[in-house]
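Keep in mind that this is a model prediction, so the values were computed, not measured. In this chain, numbering begins with 1 at the start of the sequence shown. Hydrogens, waters and symmetry mates are skipped; everything else that's a heavy atom, side chains included, is used.
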Amino acid sequence: MQTKDTCWTGSSVSKAKARKQEQKTRTAKEKRAKAVVDSLKLETNLLSQFPSLGVYSKNGCNLKVKFCQASELSAAIRAWAYELCEQNMRSLYEDVWGWKPAEKQSELKHPDARYLLVHDADGSTVAYVHFRFEVEDATPVLYVYEVQLAPAVQRKGLGAFLMTLLKLVAKKNQLEAIMLTVLDANTAALKMYTKLGYKPHHTSPSQADSIGHLEEPTGYEILSLQLGHQ
């Protein structure tokens, strides 16, 4: 006769095996994700995959888009990028995280930073996207750090165009999602991302708050766009 203790032991062994298999599966998934990300970090010109999309000529704009790595940014462009971010975002940052110049400047020159730089007909830089290839929750993703546009090119559809271009890059290179962090007070950005199909990621503060884990609003959302790769 099978005793109660024997049944309990058998159940425990089964659960232990299941946990071990789950960990093995996750480790393999993380390894695959890291391989995808590491390969993309070696790419020197991602936009070569989409030669017809390096130009934006709508709503009175005549702009060209260029891809570059952090190591290729000149000191002048890096200083301009910092100043534009400060101009557009400082007051919003201060209400949530505080504005930290050294931290922001360090982000811009991080070895993993990748950029889409947008130039006008005169060759002046008028917008940029800072993004990176990362592994999040055992998944290879394109994480958008900043989308910053000079006032002259705002509200002309350029931001949505750049995000669509990143989506094409991500899908072409077998990334499973695009992720980003957006401030609640940045209503224009939230509206754009929602229109493009972004939804709160399961790690977003609003999702934790919905099940009672947070007592106060955090002032930001983590959004994601799932791309369907498995």
field: Pairwise distance OH(Y128) to CG(L116) - rounded to 0.5 angstrom
entry: 12.0 Å
task: Decide yes or no for Y115 and E72: does some side-chain heavy atom of the first lie under 4.5 Å from some side-chain heavy atom of the second?
output: no
task: Grab the two heavy atoms, one from V65 and one from L47, that are nearest each other, plus how far apart they are.
output: O-CD1, 3.6 Å
message: According to side-chain hydrogen bond (donor to acceptor under 3.5 Å, both in side chains), who are the partners of Q49, at least two apart in sequence or on a separate chain?
response: N173
Check: Q69 side chain, E43 main-chain N or O, donor-acceptor pair, under 3.5 Å: yes
message: So L183 and Y93, do their side chains get closer than 4.5 Å, heavy atoms only?
response: yes
message: If hydrophobic clusters are built from ILVMFWY residues whose side chains come within less than 4.5 Å, do L158 and L168 share one?
response: yes
task: Determine whether F133 and L142 make a side-chain contact, defined as any pair of heavy atoms from C-beta on separated by less than 4.5 Å.
output: yes
query: Which heavy atom in Y143 sits nearest to a heavy atom in T181, and how many Å separate them?
result: OH-OG1, 2.8 Å
Any Y82 side-chain heavy atom under 4.5 Å of P101 side chain: yes
- prompt: For the residue pair A70 and L108, what are the closest heavy atoms and their distance?
  reply: CB-O, 4.0 Å
message: For the CG atom of L117 and the NE2 atom of H130, what is their distance to the nearest 0.5 Å?
response: 11.5 Å
query: D184 versus E221: any side-chain heavy-atom pair under 4.5 Å?
result: yes
- request: For V182 and A189, work out which heavy atoms get closest and say how close.
  value: CG2-CB, 4.0 Å
message: Are Q207 and I222 packed together at the side-chain level, in the sense that at least one heavy-atom pair is separated by less than 4.5 angstrom?
response: no
query: Going by heavy atoms in the side chains, are M163 and L180 under 4.5 Å from each other?
result: yes
- request: Would you kindly confirm whether L175 and I178 end up in one hydrophobic cluster when ILVMFWY residues are joined by side chain heavy atoms under 4.5 Å apart?
  value: yes
query: Got a salt bridge between K34 and E30, using NZ or NE/NH1/NH2 to carboxylate O under 4.0 Å?
result: no
- prompt: Applying the 4.5 Å side-chain criterion to the ILVMFWY set and letting contacts propagate, would V126 and L53 be lumped into a single cluster?
  reply: yes
message: Can you confirm whether L149 sits close enough to V118 that some side-chain heavy atom of one is under 4.5 Å from a side-chain heavy atom of the other?
response: no
query: With T194, which residues qualify under side-chain contact (heavy atoms from CB on, under 4.5 Å), at least two apart?
result: none
- prompt: Quick one: does T139's side chain have a donor or acceptor within less than 3.5 Å of a partner on D137's backbone?
  reply: yes
task: Taking all heavy atoms of L196 and all of A160, pick out the closest pair and write down the distance.
output: CD1-CA, 4.3 Å
- prompt: Where do N186 and Y220 land on the side chain to side chain contact (heavy atoms under 4.5 Å, CB included) test, with the steps shown first?
  reply: CA-CA 9 Å; N186 195 351; Y220 69 92; over 6 Å; no
Set of side-chain hydrogen bond (donor to acceptor under 3.5 Å, both in side chains) partners for Q226, sequence neighbours left out: S224
query: Out of curiosity, T125 OG1 to W80 CH2, how far, rounded to the nearest 0.5 Å?
result: 5.5 Å
task: Identify the heavy atoms of G197 and L225 that sit nearest to each other, and give their distance.
output: O-CD1, 3.5 Å
- prompt: Can you check side chain to side chain contact (heavy atoms under 4.5 Å, CB included) on S204 and L223, steps first, answer last?
  reply: CA-CA 7 Å; S204 186; L223 304 181; 5.6 Å; no
task: Verify the neighbour count for atom NZ of K66: are there more than 12 heavy atoms of other residues, nucleotides or ligands below 6.0 Å?
output: no
field: Distance (rounded to the nearest 0.5 Å) between R114 CZ and L46 CG
entry: 8.5 Å
field: Note: K104-E146 ion pair, threshold 4.0 Å (strictly below)
entry: yes
task: Give, for atom NZ of K41 and atom CG of D112, the distance between the pair rounded to the nearest 0.5 Å.
output: 3.5 Å
query: Is there a path from V153 to V129 through hydrophobic residues (I, L, V, M, F, W, Y) whose side chains come within less than 4.5 Å of each other?
result: yes
field: Ring-face cation contact, Y145 with R132, 6.0 Å cut, 45° max
entry: yes
query: Are V36 and F131 linked, directly or through other ILVMFWY residues, by side chains that come within less than 4.5 angstrom of each other?
result: yes
message: Strictly distance-based, threshold 3.5 Å: is any side-chain N or O of S106 a donor or acceptor partner for the main-chain N or O of A102?
response: no
message: Rounded to the nearest 0.5 Å, what separates atom CE in M89 from atom CG in L92?
response: 5.0 Å
